Amino acid sequence: MKVFVISPGMYTYGAMVIAGIVRDAGHEVTLTRTLEASPGETVFLSLYSTQNLMDDALKSFISTYRKTGGRVYVGGPVSAVPDMVLGELAPDAVICGEGETGALAVLEDGVSAAVPGIAFMGPDGIVFSGPAPPCQVSRPLPFIPSDIATQDIRGASAYIETQRGCIGACTFCQVPRFFGRDIRSRPLDEILAEVQAFKGAGAKRLSVSGGTGSLYGYADGKLNDEAFAELLQGMAGIMGQKNVSSPDIRVDCISDTVLDAIRDYTIGWVFFGLESGSDRVLRLMGKGATAAQAGEAIEACRAHGLHVAGSFIVGYPTETAAEYEETKDFIAQYALDDVFISTAEPIPGTPLADLALRTPDAENPAFAPHTGEYKSLHLTEAEARSFDLRMHADLFKPGLHVVTDQIFNAYLAEVRKDGDTVRRATKLIRRYA
């Protein structure tokens, strides 16, 4: 059977895994980033963003391709709310959750209620066959495209999966709800064989994924920092120290061994999801750590010679102006090496989505008009905070960062785009509430 695995815009790791499993089952596989496939065959669409559900090009492709007699199955993180995928994109079926089992099953058995972990439109409405069991993390090599070297995701050719699951409960995050809260770590020899294969295909830099890199080997409620250090050392031995990164770490998942390993075997950067300087907002986000603990983690990283970047989310539903000012104070105090700012986007199936539904527009910064300093720019309150925080963070980064007219306009365009994305996502969720 000819199978096309399409990952629009970039090769996601999940798409490479599915393509590899289908290949090893004996099918002829094409993995592509473009909406192209031979007529009348089978297409797996790997979709990772709510915005995919509102993409007119995707909708047109699916509709047109099914008219050729082809079959289209949608999987990936968007499958967390299958009724939304079926309603917006109208594929043959949605492969829900971890897709390895469902993908092979629909190829072999077609679409029916007997196939676990899929949803589809039946004569009387949506049929959900029930959740598929969690997949084994031990598996063959993924399908690595020959042009992987052309891809750049935050400086990396690809993010590879070292484990599944997350112990956290962040209300804006889909990872623990998609993969669960038990940590399933992959065998080290399989990971390193995969790293070697990526290098052989031309990958220039690899990043550790899986939610929080230092949870690799986690068991019995404890970090296995030696396992994490061995992982990074093995990757660096193949790729070279400057071609490995393990950027995403929780502030409560570090130790001296973890930080030394990041310093010795990677590019030497840690990216913390700091999110807010307000303890009330951090509790609302389910972060499990206070602003003071975040500050201590930043100082620990610097004591180990690491660069520290922080991600912040502004405009969380019910976030007050005073709480936003606490975030500005936090940034001023810790002068991070780099800062990434986003507006709170409700991902379907998360507590944040439920909170956004419960919050009236007048009280939701994503919709409430800004009436302060930037009133003439016609921004929402969330957009104004995002815009303001970008310029504020530049004042405290090491070195000179001047907000020129060009940077001012770029920031303005970014926050308006983010604001529109959040509002569209919220309205979509409302339609299916």
Side-chain angles (χ1 to χ4, degrees), residues 8-9 12 14 45-59 62 74-91 93-97 99 117-121 125-128 131 166 168-180 273 275-276 281 284-287 311 313-319 341-369 379-383 385-386 414-433:
T12 61
L45 271 170
S46 177
L47 304 182
Y48 57 89
S49 170
T50 309
Q51 301 308 304
N52 293 142
L53 303 182
M54 297 176 277
D55 188 326
D56 289 336
L58 264 175
K59 294 179 181 181
I62 293 171
V74 172
V78 298
S79 70
V81 187
D83 56 330
M84 193 177 292
V85 180
L86 292 167
E88 295 300 309
L89 299 183
V94 180
I95 299 172
C96 303
I118 68 169
F120 58 94
M121 290 300 299
I126 295 174
V127 177
F128 177 48
C166 182
C170 297
T171 56
F172 53 82
C173 182
Q174 203 175 33
V175 171
R177 293 158 187 94
F178 197 85
F179 291 119
E275 320 311 356
S276 176
V281 174
L284 185 65
M285 293 178 172
K287 288 296 295 182
S311 298
I313 299 175
V314 298
Y316 220 77
T318 75
E319 178 192 58
I341 298 158
S342 61
T343 307
E345 178 182 351
I347 298 174
T350 63
L352 170 57
D354 295 335
L355 178 62
L357 288 173
R358 296 196 307 269
T359 306
D361 285 355
E363 300 173 22
N364 188 338
F367 289 89
L379 302 173
T380 65
E381 186 58 37
E383 291 168 346
R385 291 175 190 175
S386 180
E414 288 170 5
V415 302
R416 283 176 169 157
K417 180 180 178 181
D418 288 349
D420 181 64
T421 294
V422 170
R423 289 189 295 276
R424 292 179 69 205
T426 304
K427 292 174 182 176
L428 176 65
I429 292 168
R430 284 175 181 167
R431 294 208 300 273
Y432 290 86

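Keep in mind that what you see is a predicted model, and the values were worked out from it rather than measured.
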**Study point:** D418 side, atom CG; S342 side, atom OG - distance, nearest 0.5 Å
**Key:** 7.0 Å
Check your understanding: Roughly how far, to the nearest 0.5 Å, is the CD atom of E414 from the OG atom of S386?
Key -> 8.0 Å
**Study point:** Side-chain donor-acceptor pair present, E88, Y432, cut-off under 3.5 Å
**Key:** yes
Exercise for review: Indicate yes or no: at least one non-hydrogen side-chain atom of L86 is less than 4.5 angstrom from one of V94.
Suggested key: yes
**Study point:** By salt bridge (Lys or Arg N to Asp or Glu O under 4.0 Å) - contacts of R358 (at least two apart)
**Key:** none
**Study point:** Separation between CZ of R385 and CD of E319, rounded to the nearest 0.5 Å
**Key:** 4.5 Å
Point to revise | CD-OG1 distance between E345 and T350, expressed to the nearest 0.5 angstrom | key: 9.5 Å
Check your understanding: Can you name the nearest heavy-atom pair linking S79 to F178, along with the distance?
Key -> OG-CE1, 3.6 Å
**Study point:** Minimum heavy-atom distance I62-A90, with the two atoms named
**Key:** CG2-O, 3.7 Å
Check your understanding: At their closest point, which heavy atom of I429 faces which heavy atom of A353, and how far apart are they?
Key -> CD1-CB, 3.9 Å
Point to revise | Side chains of R423 and T380 in contact at under 4.5 Å (non-hydrogen atoms) | key: yes
Review point. Which heavy atom in V422 sits nearest to a heavy atom in A344, and how many Å separate them?
Key: CG1-O, 3.3 Å
Review point. Does the pair R416/E383 count as a salt bridge with the N-to-O cut at 4.0 Å?
Key: no
Point to revise | Side chains of C170 and K287 in contact at under 4.5 Å (non-hydrogen atoms) | key: yes
Review point. Can you tell me how far CG of D55 sits from CG of L89, rounded to the nearest 0.5 angstrom?
Key: 8.5 Å
Check your understanding: Distance under 6.0 Å and angle within 45° of the ring axis: does R430 meet both against F367?
Key -> yes
**Study point:** Least distance between heavy atoms, A80 atom then P348 atom
**Key:** CB-O, 4.3 Å
Review point. Under 4.5 Å between any side-chain heavy atoms of S46 and V74, yes or no?
Key: no
Review point. Taking Q174 for the side chain and P77 for the main chain, is one N or O donor matched with an acceptor at less than 3.5 Å?
Key: yes
Point to revise | Over all atoms of both residues, closest heavy-atom pair of P82 and A119 | key: CB-CB, 3.7 Å
Point to revise | Side-chain touch V281/E275, heavy atoms, less than 4.5 angstrom | key: no
Review point. Between the side chains of T171 and Y316, does any donor sit under 3.5 Å from an acceptor?
Key: yes
Study note, to complete from the structure: Interatomic distance, CD@Q51 vs CG@D420, rounded to 0.5 Å, equals 8.0 Å
Review point. Would you say L428 and L53 make side-chain contact, with heavy atoms under 4.5 Å?
Key: yes
Point to revise | Partners passing side-chain contact (heavy atoms from CB on, under 4.5 Å) against N52 (at least two apart in sequence or in another chain) | key: L47, Y48, S49, L58
Exercise for review: Measure the shortest side-chain to side-chain distance between T318 and T359 over non-hydrogen atoms and say whether it is less than 4.5 angstrom.
Suggested key: yes
